[in-house]
Amino acid sequence: MPWVDTSTLDRKALNSSDNQQVYCGLDSAVTVEVLGELRQLFNQPPAIYNFERALQAPYLEMMQRGWLVDELSRRAASTMLRERLEHLLQKFHLLTSAICDRTINPASPKQLKELLYDSMRLPEQQISFKGTRRVSTNREALEKLEVYLYARPLVSLILSIRDIEKQLSVLETEIDSDSRFRTSYNIAGTETGRPSSSENAFGTGGNAQNISPALRFVLIADPGMRLCQIDLEQVEARDVGWFEGVLFDDWRFLNACESGDLHTNNSKLIWPELPWTGRAGEDRKIAERLFYRDFSYRDMAKRGSHLSNYSGTAWTASRALKVPLGIMEEFQARYCRGRAVEQRTGLGAIEPAYPGHPRYWQWVSQQIQTIGWLTTPFGRKRHFFGRQDSGETLREAIAYLPQSTTADRMNLGLWRCWKYMPEIQLLGQGFDSITFQFDEGLSVDKVVGRALELIRVELKHAGRSYIVPGEAKIGWNWGVVVTPEDVARAKTANKRLSRLNPDGLIKWKPGIKDSRQRATGLKRIMT
DNA sequence: GACCCCCGCCAC
DNA sequence: AAACGTGGCGGGGGTC
C-alpha cells in the first residue's frame, strides 16, 4: 500500500488487508512518537533499557530453537492419565446421580456449588482472597468439607479429577510438527523485570515456566546433547539479607543463608518436637520427611520463611502451610517478629532470630510514603502508584526489591552464558534458573564450571562481597529422577525405591562421573 | 463463533 | 480488619 493520509482516509472503504496495514502503520507510528518523547525526557536511556534490548537476542534464540519433546513418553503418559480419568469420572457420575438427578460436570464450579451446597446441604465454604470473601469450591474449601464423612468420597474424586485434568492440559498442549515445544517469552511484560512465558504467536506451545516437576520428563535434550540446569540457591532470601546488611549493617540473615542449611534450621524452629540430632546430614533427612501432600517439613519451612520474609502474617502462613495458627505465631515470633506477637502467643519476651525483616518492611514503607519509588541494585526503578498508605502497596513494594533483583541477576547470567559460551544452546528460563544443552562430546566439568562462573554476579558494599552461588544439575530429560510422589508411593507400598526416570536430572559436582548411558525409547512408566 | 470474565491452579 | 508477591492457561458460562 502506498503512503496515505490516515486523517482523511475512509477506512470503511478499504478491504481487510489494507485496513490491517493501516492499523499496523498507526501502531508503529505511535511507538515512534513515544520514543521521541522518551528521548526528550532522558539524555541517555537508562542502563536497564539497554540491558533489556540486549536480552532480545538470547530470548529470541530460545524461542526459535524450542525444546524437543519425547513424543513416546508424552503419549504414553497422556493415555494412562486419560484411562485413569475415565475411571474416576465413572465413579463420580455414579455417586452424583444418586444425590441429584442429573449429570454434574466436575470442572464446573457452578455445578459443584449446586451439588455440594444445595443438593447435599453441606455448609457453604467462604474463602477470602485479596480482600473479598466468596463461596468457593477450590481445594481449600473442599478440604474443609472433609470433616463431613459423606462428603469425603466426592472431595477426593473432585480433587483427583482436577489434578489429572491439569496434567493432561500440559501434556496435550499442541506442539510444532518437528516435535518441539516453542514458548513465547515476554522480556518486558512484568512489573519486576521477570520474563513471562506463554503460548507462541502461532498458537502452539505454552507457558514453560509453570510445568510441574512431575511432568518435566517429556522435555528432552536433542540427540547427542546433554541438559544442564543451573539454579540460584535461595536467591530471594539472600537478597533480602543483602538489603538488611546494606541498609542497617545487620548481616544476620545473610550470614544464616550463607552458613548452612537455612530451611532445615527453620524446620527446627517450627517443629522443635521432631527428633533433631544436631548432625547436619541426619537433620536434613528428618526435615525432608513428608509433612503434607507432596511437601516435606523442609518444603513447608521454605514456604513459611518466604511468606514471613515478605511480611505475610501468621494467619496466612498457617492457612498456606496447613499448620495451626498458634504454631505459626510462635514460629514468626522466634523467626522475625519477636515481641510484636508476644501478647497473643503468651510466650513472653522473645528475641527474634531476624529482626532485620520488620526493619526492612519499615524502611520500604517509609520510601513509598516519601519518594514513592524504589531502585534495585541493578538500577531498575519502579514507581508505586497505589495508595501510599495501603497494605497492598506496601506488600508489592516489599516483594519488588528481591524479586526484581533476582530477575536481573539471572538474566545477566543468562546473557553472559549466551555471549561467551557459543558451545551451549539455551532452552529455558525459570526465574531463578536457566536450562541449556551442550554436545555430549564436551567435558561436562568444563562446560558446567564455566557456566557457573558466568552466572556469578558480584555485588560489593563496605568491603563485603556478595554472590549467589549456582547449583547445577545434568541429565538428558528435564524431569527429576525420583519425584516426591514416587517416594511417598514407595513408602506406602513398603517397597524399595527404584529409579523411575533414569534419564532425569542429577546434581552435578566437580569431577562427577555420570556413568549413566542415555536410555532409548520409553523408560519411564507412570504408575 | 468470538469475546470476556470467573474460577481454579500451575510455577518461582 | 485484613491477612506475601509476580505471572499464564484451560474450562465454564455468560454476552453479543
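All of these numbers come straight from a predicted model, not from anything done at the bench.
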May I have the distance from [X] (atom [atom1]) to [N] (atom [atom2]), rounded to whole angstrom?
X: A:Ile161; N: B:dC7; atom1: CD1; atom2: P; value: 21 Å
X: A:Ile127; N: C:dA2; atom1: CD1; atom2: P; value: 16 Å
X: A:Trp361; N: C:dG5; atom1: CH2; atom2: P; value: 13 Å
X: A:Lys113; N: B:dC7; atom1: NZ; atom2: C1'; value: 8 Å
X: A:Asp389; N: C:dA2; atom1: CG; atom2: C1'; value: 15 Å
X: A:Ile158; N: C:dG12; atom1: CD1; atom2: P; value: 15 Å
X: A:Arg134; N: B:dG8; atom1: CZ; atom2: P; value: 5 Å
X: A:Glu392; N: C:dT6; atom1: CD; atom2: P; value: 8 Å

Looking only at side-chain atoms of [X], point me to the closest of [options].
X: A:Ser108; options: C:dG13, B:dA11, C:dG5; value: C:dG13
X: A:Glu396; options: C:dG5, B:dC9, C:dG13; value: C:dG5
X: A:Arg139; options: C:dG8, B:dC9, B:dG8; value: B:dC9
X: A:Arg194; options: B:dC7, C:dT6, C:dG13; value: C:dT6
X: A:Pro109; options: B:dC7, C:dG8, C:dA3; value: B:dC7
X: A:Arg395; options: C:dA3, B:dC12, C:dG13; value: C:dA3
X: A:Glu199; options: B:dC7, C:dC9, B:dC12; value: C:dC9
X: A:Ala107; options: B:dG8, C:dG12, C:dT6; value: C:dG12
X: A:Lys166; options: C:dC9, C:dG13, B:dC12; value: C:dC9
X: A:Ala399; options: C:dG7, B:dG8, C:dG5; value: C:dG5

Heavy atoms under 4.0 Å, any strand shown: does [X] hit a base, just sugar-phosphate, or nothing?
X: A:Arg133; result: nothing
X: A:Ser404; result: nothing
X: A:Ser136; result: sugar-phosphate
X: A:Ser433; result: nothing
X: A:Ile398; result: nothing
X: A:Asn105; result: sugar-phosphate
X: A:Glu236; result: nothing

Worksheet entry | Note: A:Lys144-A:Glu146 ion pair, threshold 4.0 Å (strictly below) | no

Worksheet item: When the nearest nucleotide of DNA chain C is assigned to A:Gln209 and to A:Arg319 on a heavy-atom basis, which residue is associated with the more 5' position?
Response: A:Arg319

Worksheet, complete the sentence: Checking A:Leu325, A:Ile127, A:Leu307 against A:Arg319 for side-chain contact (heavy atoms from CB on, under 4.5 Å), the one that qualifies is A:Ile127

Practice prompt. Kindly state whether the ring of A:Phe181 and the ring of A:Trp67 have centres lying under 6.0 angstrom apart.
Written response: no

Worksheet item: Does the ring center of A:Tyr297 lie less than 6.0 Å from the ring center of A:His263?
Response: no

Worksheet item: Just wondering, are more than 12 heavy atoms of other shown residues or ligands nearer than 6.0 Å to CZ in A:Arg152?
Response: yes

Worksheet item: In terms of side-chain heavy atoms, does A:Glu236 have a donor or acceptor partner in A:Tyr310 at a distance below 3.5 Å?
Response: yes

Item to complete: Measure distances between side-chain N and O atoms of A:Gln403 and base N and O atoms of C:dG5, and say whether any donor-acceptor pair falls under 3.5 Å.
Response: yes

